[in-house]
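Written below as structure tokens is the structure these notes are about.
Quick caveat: nothing in here was measured; it's all calculated off a predicted structure.
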Amino acid sequence: MTAGRALLVGLLVAIAAILQSTVMARLGLPAGAPQLLVVVVVAVALADGPPAGMVAGFAGGLLADLLPSSAHPLGQSALVLVLVGQLAGLLRRDVTGGVAGSLLLVAVATVAAATGTAALGGLLGQPHGAWSSVARSAIVAAGYDALIAPFVLALVGVVWRHAGRRQPAGMPR
């Protein structure tokens with residue numbers, strides 16, 4: 001990953017984490033909220049593979065853990081999102097069906113992130129409520145994420161391609 005793309009990942013996950021903890025958390029949608037950070041991690045992983053997905057997951061998860069709205073130990077979201085980024089990156093070649101396949105991957109990643117966070121929290125002794133409520137909120141979040149994913153995937157794809165362009169020698173940047 002180039003330095004420009006690494007900065008881009010940092011900017012994307014910072015914006016996503018801030019929007020998720022401020023705007024998305026206060027939307028008042030029934031049964032939950034979209035997980036914008038998961039969608040951005042999956043989009044980066046689809047754009048550039050497992051290493052980029054893992055970097056995005058670690059940076060975004062660590063930032064989400066540091067935000068005041070976080071109610072779990074430092075590193076919990078980072079661990080879960082690193083795994084999500086790696087798996088999404090590994091599966092990017094297997095995603096078929098164009099946009100529909102990508103939306104399915106986002107939905108599965110959202111459910112995996114929610115259940116992974118609850119399972120890790122359980123191992124750390126944090127109460128998470130009944131597994132039925134975890135499953136319900138994960139499925140609702142997956143639906144919300146599938147609705148916002150086309151826009152996020154398109155935006156990340158355009159920005160990613162632009163960041164990868166090489167300038168001819170002697171041309172100003």
> If you count the non-hydrogen atoms of other residues, nucleotides and ligands that lie under 6.0 Å from OH in Y144, is the total more than 12?
Replying inline: yes
>> Do L7 and W160 land in one hydrophobic cluster if side-chain heavy atoms of ILVMFWY residues count as linked below 4.5 Å?
In response: no
> Closest heavy-atom contact between Q20 and L37?
Replying inline: OE1-N, 2.8 Å
> Do L19 and L66 share a hydrophobic cluster (ILVMFWY, side-chain heavy atoms under 4.5 Å, transitive)?
Replying inline: no
>> Applying a strict under-4.5 Å side-chain criterion to I, L, V, M, F, W and Y, I'd like to know whether V84 and I139 cluster together.
In response: no
> What is the distance from atom OG of S102 to atom CG of L153, rounded to the nearest 0.5 Å?
Replying inline: 5.5 Å
>> Once rounded to the nearest 0.5 Å, what's the spacing between atom CG of D48 and atom CG of L8?
In response: 10.0 Å
> What closest approach, in Å, do A107 and A142 show between heavy atoms, and which atom pair accounts for it?
Replying inline: O-CB, 3.6 Å
> Do L83 and L74 share a hydrophobic cluster (ILVMFWY, side-chain heavy atoms under 4.5 Å, transitive)?
Replying inline: no
>> Testing the basics here: between A109 and V42, what is the closest heavy-atom pair and its distance to 0.1 Å?
In response: CB-CG2, 3.6 Å
>> Between D65 and G75 (side chain of the first, backbone of the second, donor and acceptor by atom type, cut-off under 3.5 Å), is there such a pair?
In response: yes
>> Taking L12 as the starting point, is it possible to reach V55 by hopping between hydrophobic residues whose side chains are less than 4.5 Å apart?
In response: yes
> When rounded to the nearest 0.5 angstrom, what is the spacing between CG in L79 and CG in L62?
Replying inline: 11.5 Å
>> Within this structure, what is the CD1-CG distance for the pair I148 and L36, rounded to the nearest 0.5 Å?
In response: 5.0 Å
> Hey, does P34 have a side-chain heavy atom less than 4.5 Å from the side chain of L29?
Replying inline: yes
> Less than 4.5 Å apart, any side-chain heavy atom of V38 and any of V106?
Replying inline: no
> Could you state the interatomic distance from CD1 (I18) to CE (M24), rounded to the nearest 0.5 Å?
Replying inline: 13.0 Å
> Can you name the nearest heavy-atom pair linking L124 to P73, along with the distance?
Replying inline: CD1-CG, 4.0 Å
> Which pair of non-hydrogen atoms, one from G89 and one from A45, has the smallest distance, and what is that distance?
Replying inline: N-CB, 3.5 Å
> Can any side-chain N or O of R161 pair as donor or acceptor with the backbone N or O of V156 at less than 3.5 Å?
Replying inline: no
> At their closest point, which heavy atom of V13 faces which heavy atom of A59, and how far apart are they?
Replying inline: CG2-CB, 3.9 Å
> Only one of I15, V152, L81 forms a side-chain contact (heavy atoms from CB on, under 4.5 Å) with V40, so which one is it?
Replying inline: V152
